[in-house]
Amino acid sequence: MFLFDCLQLILHEIKFSNVNSTVRFIWCLFIPVLLFSCKNGCNNSTTENKDDSPVVVQSDPLISDSITPISLADTLGKDELGKDSIKFANLFQREANRLMRAEKDKDYNSIASFVPPEIISKTYKGKDNYIARLKQKDANAILYDRIICGPARRIAPAVDDQGYSTGWYCLMPVRSFRTIGGKKGYDERWLGGQASIDGKQVYFLDVTGLPREIVIQVMPDLVRFILDKEAGVLAQ
């Protein structure tokens, strides 16, 4: 704004002052040069302060280290079921990322926190026994380069007879990437997830190839609302 005020003053002086024609001609040449310089200067200043680099969110399980959870901003304009679906999809992915990091880092206490309590208490007779079994199993297990879970294959609420949601469930693929003898590959398994309706607790269960009768003892609604709709996950 300061520059244009100056230009207006200069033009006024040229028009109404007694300067000769030669001076007026010089000023007429100078003004376009000044405007051109200002334009370039302003453009350069804007370019230097503007960051046009794209924001890259990597969620390809074949190359990423974890899956980026769906944005909660996507709930705008959706009904209550749609909003809850996105909210719990976000929750399942965040917790699955935590579990995969725990598996990779051999953080057994964190792993145990995702196991349904009835498995810890009934099958392993306590957390210490469960962790001891994990350590024994890992002693001869493949060391994976990366363990990636997600994105969710299916997500749905468990609905009671009155139509109210009593919890949310999901099915998520897990890819464990390995390098053996210089050759790369990965193993795949399936996790069923269960979240309390308040979202404060999430449990996961490896359902790969398990009989329906076994899974239904631990997560009956996972079977009813998720696994019965997915072929090739449970044992036939």
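Treat the numbers as computed from the prediction; the structure is a model and nothing was measured.
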Could you tell me whether the side chain of [X] and the main chain of [Y] form a donor-acceptor pair under 3.5 Å?
X      : Y      : result
Ser71  : Ala73  : yes
Asp198 : Lys200 : yes
Thr208 : Trp190 : yes

Practice problem: Only counting residues at least two apart or in another chain, list the ones meeting ring pair (Phe, Tyr, Trp, His ring centres under 6.0 Å) with Tyr124. | Solution: Tyr130
Quiz prompt | Residues forming a ring pair (Phe, Tyr, Trp, His ring centres under 6.0 Å) with Tyr169, sequence neighbours excluded | solution = none
For a quick test of your reading: what N or O donor-acceptor pairs under 3.5 Å do the side chains of residues 79-89 make, sequence neighbours left out?
unit_1, atom_1, unit_2, atom_2, d
Asp79, OD1, Leu81, N, 3.4
Asp79, OD1, Gly82, N, 2.7

Quiz item: Can Asn97 and Arg101 be said to form a side-chain hydrogen bond (donor to acceptor under 3.5 Å, both in side chains), step by step?
Solution: CA-CA 6 Å; Asn97 287 345; Arg101 285 193 292 270; 5.6 Å; no
Quiz prompt | Inter- and intrachain pairs under salt bridge (Lys or Arg N to Asp or Glu O under 4.0 Å), touching residues 117-145, at least two apart | solution =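 Those involving residues 117-145 are Lys106-Asp138.
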Quiz prompt | Lys/Arg cation over aromatic Phe177: Arg146, 6.0 Å, 45° cone | solution =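 Relative to the ring axis of Phe177, which defines the angle, Arg146 lies inside both limits.
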Quiz item: Going through the distances and angles, do Ile148 and Val174 end up as a side-chain contact (heavy atoms from CB on, under 4.5 Å)?
Solution: CA-CA 6 Å; Ile148 308 298; Val174 179; over 6 Å; no
Side-chain donor-acceptor contacts of residues 223-233 below 3.5 Å, not counting sequence neighbours, with atom names and distances?
unit_1, atom_1, unit_2, atom_2, d
Arg224, NH1, Asp221, OD1, 3.0
Asp228, OD1, Arg212, NE, 2.9
Asp228, OD2, Arg212, NH2, 2.8
Glu230, OE1, Arg153, NE, 3.4
Glu230, OE1, Arg153, NH2, 3.2
Glu230, OE2, Arg154, NE, 2.8
Glu230, OE2, Arg154, NH2, 3.2

Quiz item: What pairs with Leu143 under side chain to side chain contact (heavy atoms under 4.5 Å, CB included), at least two apart in sequence or on another chain?
Solution: none
Quiz item: Cluster question for you: counting only ILVMFWY and a side-chain heavy-atom cut-off of under 4.5 Å, with indirect links fine, are Ile142 and Ile111 together?
Solution: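 Shared cluster, yes.
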Exercise. Test Arg178 against Asp187 for salt bridge (Lys or Arg N to Asp or Glu O under 4.0 Å), laying out the working first.
Key: CA-CA 8 Å; Arg178 49 181 162 72; Asp187 300 317; 3.1 Å; yes
Practice problem: Check whether more than 12 heavy atoms from other residues, nucleotides or ligands sit under 6.0 Å from atom CD of Glu188, and answer yes or no. | Solution: yes
Quiz item: Below 4.5 Å, heavy atoms only, C-beta onward: do Val207 and Leu234 meet side chain to side chain?
Solution: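 Val207 reaches Leu234 side chain to side chain.
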